[in-house]
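The structure under discussion appears below in the form of structure tokens.
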Amino acid sequence: MKEYSLGETLVILLLMGALSMISNTMSSKVGIMEAIPGMLILIAICMAGIALGKYMPGHIPGVAYVVTLGCILTYPGFPGSDIINFYMKKVGFVALCTVILAYAGVSIGKDMEAFKHTGWRIMILSCVIFMGTYLGSAIIAQVILKLIGQI
Amino acid sequence: MKNIKLHILVAIMIAIAEVIGVKSFKIGPGKVVLLPMLYALILGVLTTPSFLKITKQKDMEDAGSLIGLTLMLLMARYGTLVGPTLPKIISSSPALILQEFGNLGTVLLGVPLAVALGLKRETIGAAHSVAREPNVALIGERFGLDSPEGRGVMGVYISGTVFGTIFVGLMASFLAGLGIFHPYALAMAAGVGSASMMTAAVGSLSVIYPELADQMAAFGAASNMLSGLDGLYMSIWLALPMTEFLYKKCCILKYGHVLTKEEEQ
């Protein structure tokens, strides 16, 4: 993956945040002004996590810090978690993924040539492979959740 | 990053996708939910040189280099979804951990089909996992990506990249419509090790069970992170040996004997 400086990272995250706002505003009843604080908190968490990943010893990837920070800041009882949770509810996770997949779609163009050469057998197999993982996990999860009385 | 044309194009694609909006319809016993993110993906592919030729090689490369960072926002959001429900996630942890072994379902369904379709050593690469980046790296290191095993894993990797997200999203909503599985089980199962596949699955489940949306997303995110942590070890210690074993058994069934090196060429 390409390395960006922290300054470039901030600019890109602000741009991605703005694009997500299009999706968020159009897909939910939440107004754009209501959603902005939540988006800014997310960008702040990303920046802090990426910076930690860059400068902390141990070569732990930034994404691990990002997830952990998000987790800690919203853990029930953590100072300020109520406020953060309040603003987070205004930012839908599905809207964030719409932006990612728009870029991913453009980027997949590079793989289209290789995809055309992928045989039909591998394509059928791929579908069954995704089904296998999904069904296998769903069956086990269903049984265990029942056993421990969570559902 | 300074590619203004690309960003404007993405903004337009997002707007079109959201205007179309969520669509759901019944197919047989199940239900299929189409999300704007899936249209955005398809619109993106349509702009590329293989189709409408709106984007060029440079745009595709720029878009690819941005995906890592765009994922960060989603990851931060997932952290904030897991945080508030952490007590509930911990009390469900036996299910979360054990469902990881469900990934071996790939081997059980995939290997017999691969051999039945006439694939040989490609089977080992193709059917041992859902072929995300860590698995490609593993097969590349062990067999080389220009080997039959490498071609197998790359084939599934590319198929997964091109239509995996759409397929997993549709499958999740279809299974939910059958009413056999609890939404939480379907959400946990969605964590196959790809954030966009997981989001597509949980996103379509959220349309069917809106009141459980946050809890499902938290389960999906937790399971996806677990897959990221254990996926590679699971492949090395369990899935690959199982794939080799089952491949031999299936070859005996189909060809009457274990294939020799020459027959596998």
Side-chain angles (χ1 to χ4, degrees), chain A residues 1-2 8 12 15-16 19 22-23 26-27 42 45-46 63 66-67 70-71 74-76 85 88 93-94 96-112 114-115 118 121-123 125-130 132-138 140-142 144-145 148 150-151, chain B residues 1 10-11 13-14 18 36-37 40-41 44-45 48 50 55 60 63-70 72-77 79-80 82-84 86 92 94-95 98-99 102-103 105-106 109-110 113-114 117 126 130 155-156 158-159 161-162 167-168 181-182 185-186 188-189 192 199 203 217:
Chain A
M1 199 179 102
K2 202 167 147 190
E8 287 172 323
I12 296 171
L15 175 71
M16 296 305 143
L19 290 170
I22 303 178
S23 182
M26 292 179 74
S27 63
L42 285 179
I45 294 174
C46 290
V63 62
V66 169
V67 172
C71 224
T74 52
Y75 187 73
N85 275 325
M88 277 309 136
F93 62 91
V94 178
L96 294 170
C97 203
T98 307
V99 180
I100 299 171
L101 288 187
Y103 281 102
V106 175
S107 146
I108 285 170
K110 291 188 305 228
D111 300 321
M112 280 322 275
F115 180 64
T118 304
R121 292 187 295 189
I122 290 276
M123 279 185 230
L125 186 61
S126 302
C127 292
V128 171
I129 279 167
F130 286 109
T133 296
Y134 201 102
L135 276 178
S137 297
I140 297 177
Q142 174 84 15
I144 306 289
L145 281 171
I148 58 175
Q150 291 282 330
I151 54 172
Chain B
M1 135 191 188
V10 166
M13 293 192 295
I14 294 169
E18 293 293 351
M37 69 168 96
L41 177 76
V45 175
T48 60
S50 309
T55 47
M60 296 194 289
S65 72
L66 286 170
I67 291 173
L69 265 182
T70 58
M72 286 291 184
L73 280 176
L74 185 65
M75 287 302 156
R77 186 68 186 93
T80 63
V82 170
L86 208 54
S92 304
L98 288 172
Q99 60 84 28
N103 297 349
T106 293
L109 285 182
L113 178 72
L117 287 171
V130 288
V156 178
I158 291 167
S159 307
T161 309
V162 175
F167 185 76
V168 171
F181 296 105
H182 190 278
L186 291 175
M188 283 184 189
V192 295
T199 310

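A, B, ... follow the sequence lines: proteins, then strands. Residue 1 opens every chain.
Put simply, the side chain of B/V162 does not reach to within 4.5 Å of the side chain of A/T118, judged on heavy atoms. In this structure, A/M16 and B/L66 have side chains that are in contact, with non-hydrogen atoms separated by less than 4.5 Å. Between B/E18 and A/T98, some side-chain heavy-atom pair lies under the 4.5 Å cut-off. You'll find the side chain of A/I129 stays beyond 4.5 Å of the side chain of B/L109, heavy atoms only.
Between chain A and the options B/V156, B/L73, B/T199, B/L186, heavy-atom pairs under 4.5 Å are most frequent for B/L73. Taking chain B as the reference chain and counting heavy-atom pairs below 4.5 Å, the highest number among A/V66, A/N85, A/I151 is found for A/I151. Heavy-atom pairs under 4.5 Å with chain B were tallied for A/Y134, A/F115, A/Y75; the largest tally goes to A/Y134. Counting heavy-atom pairs closer than 4.5 Å to chain A, the top residue among B/V192, B/V10, B/V82, B/L86 is B/V10. Your options are A/L96, A/I100, A/V63, A/I45, and the one with the most heavy-atom pairs under 4.5 Å with chain B is A/I100. Of the listed residues (B/P36, B/A40, B/A126), the greatest number of heavy-atom pairs within a distance under 4.5 Å of chain A belongs to B/A40. Counting heavy-atom pairs closer than 4.5 Å to chain A, the top residue among B/L113, B/T106, B/V130, B/T70 is B/T106. Note: A/L145 leads A/V128, A/L135, A/L145 in heavy-atom pairs under 4.5 Å with chain B. Comparing A/I122, A/I140, A/V94, A/L101 by heavy-atom pairs within less than 4.5 Å of chain B, the highest count is held by A/L101.
Between B/M37 atom CE and A/F93 atom CZ the span is 7.5 Å, to the nearest 0.5 Å. One finds the CD1 atom of B/I158 at 10.0 Å from the CE atom of A/M123 (value rounded to the nearest 0.5 Å). To the nearest 0.5 Å, the span separating CG on B/L117 from CG on A/L125 amounts to 6.5 Å.
Using a 4.5 Å cut-off between heavy atoms, B/T48 touches chain A through its side chain atoms alone. Both the backbone and the side chain of A/T74 come within less than 4.5 Å of a heavy atom in chain B. For chain A, the nearby part of B/F167 is the side chain; its heavy atoms alone come within less than 4.5 Å. For a residue to count as touching a neighbouring chain, one of its non-hydrogen atoms must lie under 4.5 Å from one of that chain's; by this rule B/M75 touches chain A with backbone and side chain alike. Only the side chain of B/T55 has a heavy atom closer than 4.5 Å to any heavy atom of chain A.
B/N103 and A/S137 are linked by a side-chain donor-acceptor pair at a separation below 3.5 angstrom, with hydrogens and angles left out of the test.
Across every non-hydrogen atom of A/A141 and B/A95, the tightest pair is O-CB, 4.3 Å. The two residues B/G83 and A/P76 come nearest to each other via the heavy atoms O-CD, 3.5 Å. The shortest non-hydrogen separation linking B/S50 to A/M112 is OG-CB, 3.3 Å. Across B/S92 and A/I148, no two heavy atoms sit closer than the pair CA-CD1, 4.1 Å. Listed here is the closest heavy atom pair of A/Q142 and B/H182: OE1-N, 2.6 Å.
B/R77 places a side-chain N or O within 3.5 Å of a backbone atom of A/M88 that can act as its donor or acceptor partner.
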Check against side-chain contact (heavy atoms from CB on, under 4.5 Å), A/I144 and B/Q99: CA-CA 8 Å; A/I144 306 289; B/Q99 60 84 28; over 6 Å; no

Test log, rule side-chain contact (heavy atoms from CB on, under 4.5 Å), inputs B/L41 and A/I108: CA-CA 9 Å; B/L41 177 76; A/I108 285 170; 3.7 Å; yes

